[in-house]
Q: 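This is the structure I have questions about; it appears just below.
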Amino acid sequence: MLLGAVPIEALLDLKMLSVIGAIARSDNTTLKDLAVRQIAVRTPKTSWFAKTETILHKYELPDTSFLIDHPELSRKGWKMECKKKVLHFWNVQLRADAMSKSTLQCLAFTEEFSTHQIWDSVNPNVKDVKRASIKVRLATGTYILQTTKA
């Protein structure tokens with residue numbers, strides 16, 4: 001949350017969603033027939049299409065069969081829709097996790113996936129990065145002071 005980075009799971013989900021969108025928009029009938037067959041068989045946990053189906057449900061996007069039957073969205077439109085839904089999901093998820101942690105409750109998170117003010121002021125050199133990491137630990141209350149050790 002402090003770095004403003006998107007979790008790696010969200011990036012992987014976006015890649016899978018862009019591939020399923022490309023398959024739905026494809027003019028290749030063999031590829032679409034394979035997708036329809038895989039959706040019909042629906043072998044749980046082993047099929048790539050089954051995994052994309054769970055990802056589509058997780059982000060409240062239309063299911064795979066609907067996408068293949070109605071490929072109205074353009075490539076850019078599909079990617080923007082997916083990105084919006086995925087980032088919103090993870091923003092809500094990470095904010096809820098941050099509010100449940102005592103060290104992050106007092107920090108202000110203003111925008112979706114933007115860096116915290118502490119990291120905005122850092123120059124790209126080793127000395128400043130070390131200083132900023134200490135500032136972050138002080139702000140979150142995870143820096144162990146000598147008085148706490150004693």
Q: For the CG atom of Leu14 and the NZ atom of Lys85, what is their distance to the nearest 0.5 Å?
A: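 So the gap between those two atoms works out to 13.5 Å.
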Q: Determine whether a donor-acceptor pair (N or O, by modelled atom type, separation under 3.5 Å) exists between the side chain of Asn123 and the backbone of Asn125.
A: no
Q: Output the distance between atom SG (Cys82) and atom CE (Met16), rounded to the nearest 0.5 Å.
A: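 Answer rounded to 0.5 Å: 12.0 Å.
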Q: Going only through I, L, V, M, F, W and Y residues with side-chain contacts under 4.5 Å, is there a path from Val6 to Met80?
A: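 Different hydrophobic clusters.
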Q: Which atom pair, heavy atoms only, marks the closest approach of Tyr59 to Ala10?
A: OH-CA, 4.4 Å
Q: Between the main-chain N or O of Ala24 and the side-chain N or O of Lys32, is there a donor-acceptor pair closer than 3.5 Å?
A: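 It does hold such a pair.
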Q: Can you measure from NZ (Lys83) to OG (Ser18) and round to the nearest 0.5 angstrom?
A: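 Atom-to-atom, Lys83:NZ and Ser18:OG are 12.0 Å apart.
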Q: Strictly by salt bridge (Lys or Arg N to Asp or Glu O under 4.0 Å), give each pair with a member in residues 122-146 just once, sequence neighbours left out.
A: Asp128-Arg131
Q: Are Val19 and Leu56 in one and the same hydrophobic cluster, where Ile, Leu, Val, Met, Phe, Trp and Tyr link if side-chain heavy atoms are under 4.5 Å apart?
A: yes
Q: Under the salt bridge (Lys or Arg N to Asp or Glu O under 4.0 Å) rule, what pairs show up with a residue in residues 57-66, not counting sequence neighbours?
A: Glu9-Lys58, Asp13-Lys58
Q: I'd like to know if the side chain of His88 reaches the main chain of Lys84, judged simply by a donor and an acceptor atom lying under 3.5 Å from each other, with no hydrogens or angles considered.
A: no
Q: What's the spacing between Phe49 CZ and Thr54 OG1 if we round to 0.5 Å?
A: 13.0 Å
Q: Nearest 0.5 Å, please: how far is CG in Asn28 from CG in Asp33?
A: 8.5 Å
Q: Are Leu67 and Trp48 grouped together when hydrophobic residues (ILVMFWY) are joined by side-chain heavy atoms under 4.5 angstrom apart?
A: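 Looking at the clustering, Trp48 is in the same group as Leu67.
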Q: Just by distance, do the side chain of Trp78 and the backbone of Leu17 share a donor-acceptor pair under 3.5 Å?
A: yes
Q: Could you tell me whether a side-chain N or O of Ser26 sits under 3.5 Å from a main-chain N or O of Ile23, the two making a donor and an acceptor?
A: no
Q: Under a single-linkage definition using a 4.5 Å side-chain heavy-atom cutoff for Ile, Leu, Val, Met, Phe, Trp and Tyr, are Val92 and Leu87 assigned to the same hydrophobic cluster?
A: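 No, Val92 does not connect to Leu87 through the hydrophobic network.
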Q: If you measure from CD1 on Ile20 to NZ on Lys15, what distance do you get to the nearest 0.5 Å?
A: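 Taking CD1 in Ile20 and NZ in Lys15, the distance rounds to 15.5 Å.
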